[in-house]
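What follows is a single structure, written as structure tokens, with notes after it.
Reminder, nothing fancy here: chain letters follow the sequence lines and each chain counts from 1.
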Number of protein chains: 2
Amino acid sequence: MASHMKQQEVFKAMADPTRRAILKRLQGGPLTAGEIGEAFDITPASLSHHFAVLKHADLVRTERRGQYIVYSLNSTVFEDLARVLMDLFPTKGKAGGK
Amino acid sequence: MASHMKQQEVFKAMADPTRRAILKRLQGGPLTAGEIGEAFDITPASLSHHFAVLKHADLVRTERRGQYIVYSLNSTVFEDLARVLMDLFPTKGKAGGK
DNA sequence: TAGATAATTAGATATTTTTCTAAATATTGC
DNA sequence: GCAATATTTAGAAAAATATCTAATTATCTA
């Protein structure tokens, strides 16, 4: 029950507004790296770094589908926590603004 | 209802393990800066910096009492969120270990 | 008022993080 | 196999953060 989260990694991951916006986007369902990237003004390389941080924190899962890599929220660790956090705070980041 | 939180400031504040340990310590009730500092291996100056970040995020309140400054959790913004976060994750920081 | 104690602010340095460009890897379809 | 597309990895530069020492501010007490 969320007891095997890497606390430091998760908080660090959540501290960046771009990463929070990525997570927010994924709440609508799985997306490819490219689809996620459309909403941001950064290079694919930078985005990839953010993905790595989120993955390391176990907040997202990846699955290769052909040439694409599909990202989705890791519901085990994340879904309940993410909802609590995301809904508790008003969105303000440049992308995914509700 | 938690809708006027400064999202970015709060997450940034929570991203540092020393600051999370400070908050954790304050869950037992208000403490002076010095009392909080006893648990850490950093200088008062560094600690003061962390207090400033927590204050800026509205996570703690301060009140001067004589030569002391007493810190407490800001229950309005924090108490419910803090409980959710702190209880959801296992403690791992050097200080305030439950 | 002077000295002691508590805490913060100023200024500098070291570390970490974010971002970029360029190069590498994986996969598709001809 | 080769070119095109999707994504990641490597390496470097810029920006942000954490920490320190030294100096400052505020308060207490003798």
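- In this structure, A/Asn74 contributes its side chain and A/Arg61 its backbone to no donor-acceptor pair below 3.5 Å.
- Using a 4.0 Å heavy-atom distance criterion, A/His49 is classed as a base contact.
- Atom C1' of nucleotide D/dA26 and atom CD of B/Glu63 are separated by 16 Å, given to the nearest angstrom.
- Counting to the nearest Å, the P atom of D/dT7 and the CD1 atom of A/Ile36 are 9 Å from each other.
- Of the candidate nucleotides D/dC20, D/dT17, D/dA18, D/dC20 has the atom lying nearest to any side-chain atom of B/Ile42.
- Atom-to-atom, CD of A/Glu35 to C1' of D/dT7 comes out at 13 Å; the value is rounded to the nearest Å.
- If you check C/dT8, D/dA18, D/dT8 against the side chain of B/Arg19, the one that comes closest is D/dA18.
- Here A/Thr32 does not reach the OP1 or OP2 of D/dA6: none of its side-chain N or O atoms lies under 4.0 Å away.
- Side-chain contact between B/Tyr71 and B/Leu54 is absent, with no heavy-atom pair separated by less than 4.5 Å.
- With hydrogens and angles ignored, the 3.5 Å screen pairs no side-chain donor or acceptor of B/Glu9 with any backbone N or O of B/Lys6.
- Between the side chain of B/Gln67 and the base of C/dT5, a donor-acceptor pair under 3.5 Å is found.
- Rounded to whole Å, atom P of C/dT8 lies 13 Å from atom NE2 of B/His50.
- For the pair A/Phe40 CZ and D/dT7 P, the computed distance is 14 Å after rounding to whole Å.
- Rounding to the nearest 0.5 Å places CG of A/Leu31 at 13.0 Å from OH of A/Tyr68.
- Taking atom OH of A/Tyr68 as the reference point, atom P of D/dT5 lies 10 Å away to the nearest angstrom.
- Regarding contacts with the backbone of D/dT8, a side-chain N or O of A/Tyr71 is found under 4.0 angstrom from either OP1 or OP2.
- In this entry the distance linking CZ of B/Arg20 with P of D/dA18 reads 11 Å, nearest Å.
- When heavy atoms are screened at a 4.0 angstrom cut-off, A/Ala33 is found touching the sugar-phosphate backbone but no base atom.
- In this structure, A/Arg19 and A/His50 approach most closely via the heavy-atom pair NH1-ND1, 3.1 Å.
- Ranked by how close their nearest DNA chain C nucleotide is to the 5' end, B/Phe51 and A/Thr43 are led by B/Phe51.
- Using a 4.0 Å cut-off, no side-chain N or O of A/Ser46 falls inside it from OP1 or OP2 of C/dT19.
- The phosphate of D/dA26 (OP1 or OP2) has no side-chain N or O of B/Arg64 nearer than 4.0 angstrom.
- In this entry the distance linking NZ of B/Lys12 with P of C/dT18 reads 11 Å, nearest Å.
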